[in-house]
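Some notes on the structure that comes next.
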Protein chains: 2
Amino acid sequence: MASRRYAEVCEEVCTHPDILNRVKPEMPDEERLYDLAELFKVFGDTTRIRILYVLFESEMCVCDIAALLNMTQSAISHQLRVLKQARLVRSRREGKTVFYSLDDDHVRTVIGQGMEHIEEKHGRKQA
Amino acid sequence: MASRRYAEVCEEVCTHPDILNRVKPEMPDEERLYDLAELFKVFGDTTRIRILYVLFESEMCVCDIAALLNMTQSAISHQLRVLKQARLVRSRREGKTVFYSLDDDHVRTVIGQGMEHIEEKHGRKQA
DNA sequence: CTAACATATGAACAGATGTTCATATGTTAA
DNA sequence: TTAACATATGAACATCTGTTCATATGTTAG
């Protein structure tokens with residue numbers, strides 16, 4: 001069982017330096033990529049996706065959303081906070097009630113493209 | 001400390017039945033919404049976002065990506081599998097080497113819109 | 001003021017997720 | 001066949017994440 005030494009990454013023979021050198025400078029800052037991943041994380045939860053879909057149709061108060069999705073007010077409120085921090089929804093207060101709505105149209109585009117991707121890949125085999 | 005009873009969700013007074021009845025039938029199947037969230041989960045990780053960005057520029061082998069991102073071959077390989085299962089990347093083998101590339105253009109659109117959203121929200125205050 | 005109610009939030013717990021490590025698989029060359 | 005190497009993968013571990021529960025905050029009505 002004398003553990004043989006394996007190269008952790010490939011030998012220099014494998015890497016293609018020309019490609020590496022060409023691609024490397026095109027990469028955005030780490031910070032931007034991090035923020036981007038954080039944004040998509042927000043889309044990556046069924047509850048939040050359902051909330052966004054609900055808000056496609058109409059602005060709505062927290063308890064309406066909770067009723068529609070059959071979830072507790074607390075769970076919805078927590079998720080609305082996440083959506084708001086990501087600037088995907090806004091809120092406005094009217095008396096005791098807080099109404100939430102979509103913040104901008106990127107949300108629709110992103111979700112729309114996601115849906116297209118899914119339907120294309122599921123419906124047919126490799127369009 | 002006699003725990004008072006709080007309504008778990010809002011009273012009927014609060015919910016707006018007209019809105020609920022209008023929105024409810026517009027919601028997609030649960031299965032679609034689940035798949036959509038699963039798709040965005042794939043975008044919601046820095047490593048995978050970086051991989052996708054790398055592949056924007058050029059098809060590339062596993063060890064090139066690992067070298068570029070300064071990560072182990074194993075970590076990259078695991079993530080490529082996730083990306084492939086989501087049909088975001090394809091692979092083709094050439095001898096010992098496996099080259100990965102973007103599967104379709106939804107990836108670019110989704111990521112592009114995500115970037116726009118971030119830059120709009122960070123750069124200015126509410127365009 | 002207090003009661004009622006819509007919403008927000010902190011803490012805790014359970015389940016999901018990404019990386020590492022070791023090793024297996026697949027391919028080429030000798 | 002064996003050696004070398006590029007890639008894939010299972011298991012384990014630590015971290016992250018979503019829900020629940022209890023309770024706090026904010027608003028209106030009396």
Side-chain angles (χ1 to χ4, degrees), chain A residues 1-16 34 37-38 40-51 59-67 69-86 89-100, chain B residues 1-16 34 37-38 40-51 59-67 69-86 89-100:
Chain A
M1 281 237 249
S3 69
R4 247 183 304 175
R5 270 205 300 138
Y6 283 93
E8 285 217 357
V9 293
C10 322
E11 304 297 298
E12 287 172 26
V13 177
C14 157
T15 57
H16 306 78
Y34 178 82
E38 288 301 304
F40 286 124
K41 250 175 222 169
V42 176
F43 286 98
D45 173 80
T46 314
T47 301
R48 289 191 294 264
I49 284 281
R50 288 161 80 213
I51 292 175
E59 76 167 2
M60 216 170 285
C61 74
V62 179
C63 73
D64 280 344
I65 300 173
L69 304 189
N70 197 31
M71 293 184 65
T72 64
Q73 173 269 322
S74 178
I76 299 299
S77 187
H78 277 298
Q79 298 300 8
L80 282 169
R81 184 155 68 106
V82 174
L83 289 166
K84 195 173 179 183
Q85 280 172 342
V89 307
R90 341 163 165 256
S91 62
R92 80 183 168 83
R93 187 176 266 276
E94 193 171 285
K96 287 182 284 193
T97 308
V98 176
F99 288 96
Y100 282 84
Chain B
M1 280 233 252
S3 69
R4 245 183 305 172
R5 269 204 300 138
Y6 283 93
E8 285 217 356
V9 294
C10 321
E11 305 296 299
E12 286 173 29
V13 177
C14 157
T15 58
H16 307 76
Y34 178 83
E38 288 300 304
F40 286 123
K41 250 176 223 170
V42 176
F43 286 98
D45 173 80
T46 314
T47 301
R48 289 191 293 264
I49 284 280
R50 288 160 81 212
I51 292 175
E59 76 168 2
M60 218 170 286
C61 75
V62 179
C63 73
D64 279 343
I65 300 174
L69 304 189
N70 196 31
M71 293 184 65
T72 64
Q73 174 270 321
S74 178
I76 299 298
S77 187
H78 277 298
Q79 299 300 8
L80 282 169
R81 186 155 65 106
V82 174
L83 289 166
K84 195 172 179 183
Q85 280 173 341
V89 306
R90 340 163 165 257
S91 62
R92 79 183 168 81
R93 188 174 266 275
E94 192 171 286
K96 286 183 284 193
T97 308
V98 177
F99 288 97
Y100 282 85

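Chain letters run A, B, ... following the sequence lines, proteins first and then strands; every chain starts at 1.
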| task | Show your reasoning for whether side chain to side chain contact (heavy atoms under 4.5 Å, CB included) applies to His16(B) and Phe99(A). | result | CA-CA 12 Å; His16(B) 307 76; Phe99(A) 288 96; 4.2 Å; yes
What integer distance in Å separates [X]:[atom1] from [N]:[atom2]?
| X | N | atom1 | atom2 | value |
| --- | --- | --- | --- | --- |
| Arg93(A) | dG26(D) | CZ | P | 9 Å |
| Lys84(A) | dT9(C) | NZ | P | 9 Å |
| Asn70(B) | dT19(C) | CG | C1' | 14 Å |
| Lys96(B) | dA29(C) | NZ | P | 7 Å |
| Met71(A) | dC21(D) | CE | C1' | 14 Å |
| Leu69(B) | dT19(C) | CG | P | 10 Å |
| Arg48(B) | dA16(C) | CZ | C1' | 12 Å |
| Leu83(A) | dT9(C) | CG | P | 14 Å |

| query | Any idea how Phe40(B) and Phe40(A) line up, ring-wise: parallel (<30°), tilted (30 to 60°), or perpendicular (>60°)? | reply | parallel
Go through the N and O atoms of the side chain of [X] and the base of [N], and report whether any donor-acceptor pair is under 3.5 Å.
| X | N | result |
| --- | --- | --- |
| Ser74(B) | dT9(D) | yes |
| His78(A) | dT20(D) | yes |
| Gln73(A) | dA8(C) | yes |
| Thr97(A) | dT7(C) | no |

Checking contacts here: which listed nucleotide ([options]) is nearest the side-chain heavy atoms of [X]?
| X | options | answer |
| --- | --- | --- |
| Thr47(A) | dA6(D), dT27(D), dT19(D) | dT19(D) |
| Tyr100(A) | dA8(C), dT20(C), dC5(C) | dA8(C) |
| Ser77(A) | dT9(D), dA8(C), dT28(D) | dA8(C) |

| query | Looking only at side-chain N and O atoms, does Arg81(B) come under 4.0 Å of OP1 or OP2 in dT9(D)? | reply |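 True: Arg81(B) side-chain N/O within range (under 4.0 Å) of dT9(D) OP1/OP2.
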| message | Donor-acceptor check, side chain of Arg48(B) to backbone of Ala37(A), threshold 3.5 angstrom: yes or no? | response |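 Side chain of Arg48(B) to backbone of Ala37(A), a donor-acceptor pair under 3.5 Å: no, none is there.
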| Quick check: does any side chain N or O of Arg92(A) sit under 3.5 Å from a backbone N or O of Glu94(A), one acting as donor and the other as acceptor? |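 No: the side chain of Arg92(A) does not pair with the backbone of Glu94(A).
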| How long is the span from the CD atom in Glu59(B) to the OG atom in Ser91(B), to the nearest 0.5 Å? |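 So the gap between those two atoms works out to 10.5 Å.
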| task | Could you check which nucleotide pairs with dT23(C) in any of the strands shown, counting Watson-Crick or G-U wobble with both distances under 3.5 Å? | result | dA8(D)
| request: Between Val98(B) and Glu94(A), just flag the one whose closest nucleotide in DNA chain D comes earlier from the 5' side. | output: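 Its nearest nucleotide lies further toward 5', so the answer is Val98(B).
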